[in-house]
Amino acid sequence: MSSFLFVTPTWDATLWASEMRKAMPALDVRIWPEMGDPSTIDYVAAWLPPPHVVKSLSNLKVIFSLGAGVDAILSDPTLPGEVPIVRVNDPDLTNRMSEWIVLHCLWHHRQQRRLDAQQAKKQWDSFPTHAASAMTVGVMGLGVLGQDAARKLAMMGFKVVGWSRSPKAIAGIECYAGSAEFDRFLGRTDILVSLLPATSDTDGILNRALFRKLSRKGPFGAGIVINAGRGRQQVEDDILAALDAGELHAATLDVFRKEPLPPESGLWSHPKVTVTPHIAADSDPSVICAYVAAQIQDFERDGTLRNLVDRSRGY
Ligand code: NDP
Ligand code: OXD
């Protein structure tokens with residue numbers, strides 16, 4: 001019988017363990033720190049594992065990231081270098097993310113904040129609106145999540161451009177790649193969506209100098225920023241300053257440098273900022289456990305693993 005360990009010091013994995021047992025009844029599922037003999041563990045699923053815990057599993061075969069993003073795994077400096085890391089790539093999570101991205105693009109495009117304020121004052125005030133085709137959404141990160149969101153935004157009628165590290169060809173999406181094409185991508189963009197992973201290259205990328213490069217030709221005269229990638233990508237004081245200076249029109253943020261977002265953050269109460277609590281694409285334990293179980297079954301049958309992390313790229 002194979003053994004499986006959850007290491008999730010920031011949340012209670014009891015429900016996850018029970019879903020894992022349902023998905024794979026033959027598996028011996030344990031929850032750290034009650035892990036028994038570390039040398040008997042074959043698989044670990046983790047989020048922010050404390051240093052030395054994964055390293056202590058001397059016969060480990062696979063590390064499963066409990067997120068699509070792997071920064072919460074790679075942050076462990078003692079992670080064993082030779083064990084493969086598998087990340088989440090599941091249609092349930094992808095669909096949830098695209099719902100959130102489309103919702104917030106439409107929310108800004110259809111000026112819902114203004115309408116809510118009018119309703120609060122019982123004010124009937126119709127104003128000119130525009131078609132989605134008047135706005136260009138620029139999606140940073142054309143991976144699993146970025147490509148799905150880009151396609152769904154295009155279906156809604158937005159013009160969509162995208163940016164990634166390596167060149168892409170996606171029907172209906174104008175694609176830009178690498179630092180050489182970054183400014184051209186930004187200059188096309190009215191609504192900037194980040195679905196980038198957290199890496200040393202993307203740290204602080206959403207800063208004031210970038211905001212100044214966004215298109216000002218859209219209906220609102222300044223860019224809108226939507227970040228569901230990771231909080232490390234955004235310079236939060238720059239977002240506030242750019243909004244106050246009119247260099248940005250609005251922002252929706254799901255991820256933050258510090259989570260939970262501290263009560264003293266100016267983002268909470270800024271009239272042009274929408275905050276959601278890292279919920280853009282929530283992970284459903286039953287879905288993720290079924291995905292992990294399917295990976296283990298394939299691995300035990302013929303050694304196949306899908307959605308492996310490239311440690312040298314950091315995602
Ligand atoms: P993928 O690995 O599939 O895609 C990442 C994309 O980012 C790729 O297109 C990649 O380019 C691009 N990229 C990476 N580094 C750079 C760079 N330096 N310059 C330009 N492009 C770059 O990841 P996913 O789409 O599955 O997920 C993206 C991120 O979304 C996760 O890492 C996580 O941080 C975040 N996330 C947030 C959630 C939430 O609820 N807020 C939920 C799930 C994920 P290339 O294609 O060339 O490799
Ligand atoms: C993820 C997340 O990376 O939930 O999956 O942020």
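Atoms within each ligand, like the ligands themselves, are counted from 1 in listed order.
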Could you list, one pair per line, each nitrogen or oxygen of ligand 2 together with any protein nitrogen or oxygen closer than 3.5 Å, giving atom names and the distance rounded to 0.1 Å?
unit_1, atom_1, unit_2, atom_2, d
ligand 2, 3 (O), A68, N, 3.2
ligand 2, 3 (O), G69, N, 2.8
ligand 2, 3 (O), R230, NH2, 2.7
ligand 2, 5 (O), A68, N, 2.7
ligand 2, 6 (O), R230, NH1, 2.9
ligand 2, 6 (O), R230, NH2, 3.2
ligand 2, 6 (O), H278, NE2, 2.6

Are there any N/O pairs under 3.5 Å between ligand 1 and the protein, and if so, what are their distances?
unit_1, atom_1, unit_2, atom_2, d
ligand 1, 3 (O), R87, NH2, 2.8
ligand 1, 3 (O), V144, N, 2.9
ligand 1, 9 (O), L142, N, 2.9
ligand 1, 9 (O), L142, O, 3.4
ligand 1, 9 (O), G143, N, 3.0
ligand 1, 11 (O), R165, N, 3.3
ligand 1, 21 (N), R165, N, 3.0
ligand 1, 25 (O), V144, N, 3.3
ligand 1, 25 (O), L145, N, 2.9
ligand 1, 26 (O), R87, NH1, 2.8
ligand 1, 26 (O), R87, NH2, 3.2
ligand 1, 34 (O), G229, O, 3.2
ligand 1, 34 (O), R230, NH1, 3.3
ligand 1, 40 (O), A281, N, 3.1
ligand 1, 41 (N), A228, O, 3.1
ligand 1, 41 (N), D254, OD2, 2.9
ligand 1, 46 (O), K168, NZ, 2.6
ligand 1, 47 (O), R165, N, 3.3
ligand 1, 47 (O), S166, N, 2.6
ligand 1, 47 (O), S166, OG, 2.5
ligand 1, 47 (O), K168, NZ, 3.4
ligand 1, 48 (O), Y315, OH, 2.6

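Screening R212, K213, K272, R216 for a salt bridge (Lys or Arg N to Asp or Glu O under 4.0 Å) with E247, the sole residue that qualifies is R212. With respect to D92, the side-chain contact (heavy atoms from CB on, under 4.5 Å) criterion is satisfied by exactly one of D90, N95, T94: D90.
Looking only at atom types and distance, the side chain of E236 has no donor-acceptor partner in the side chain of S265 under 3.5 Å away. Using modelled atom types, one finds a donor on one side chain and an acceptor on the other under 3.5 Å when comparing D244 with H270. Residues T304 and D302 bring a donor and an acceptor atom of their side chains to less than 3.5 Å of each other.
For residues 49-65, the side-chain hydrogen bond (donor to acceptor under 3.5 Å, both in side chains) pairs, not counting sequence neighbours, are D42-K61.
A donor-acceptor pair is defined here as one N or O able to donate and one able to accept, closer than 3.5 Å; no such pair exists between the side chain of E181 and the backbone of S164.
By the criterion of side-chain heavy atoms lying less than 4.5 angstrom apart, applied directly or through intervening Ile, Leu, Val, Met, Phe, Trp or Tyr residues, L106 is grouped together with I101 in one hydrophobic cluster.
Think of M155 as one node in a network of Ile, Leu, Val, Met, Phe, Trp and Tyr side chains linked at under 4.5 Å; it has no links at all.
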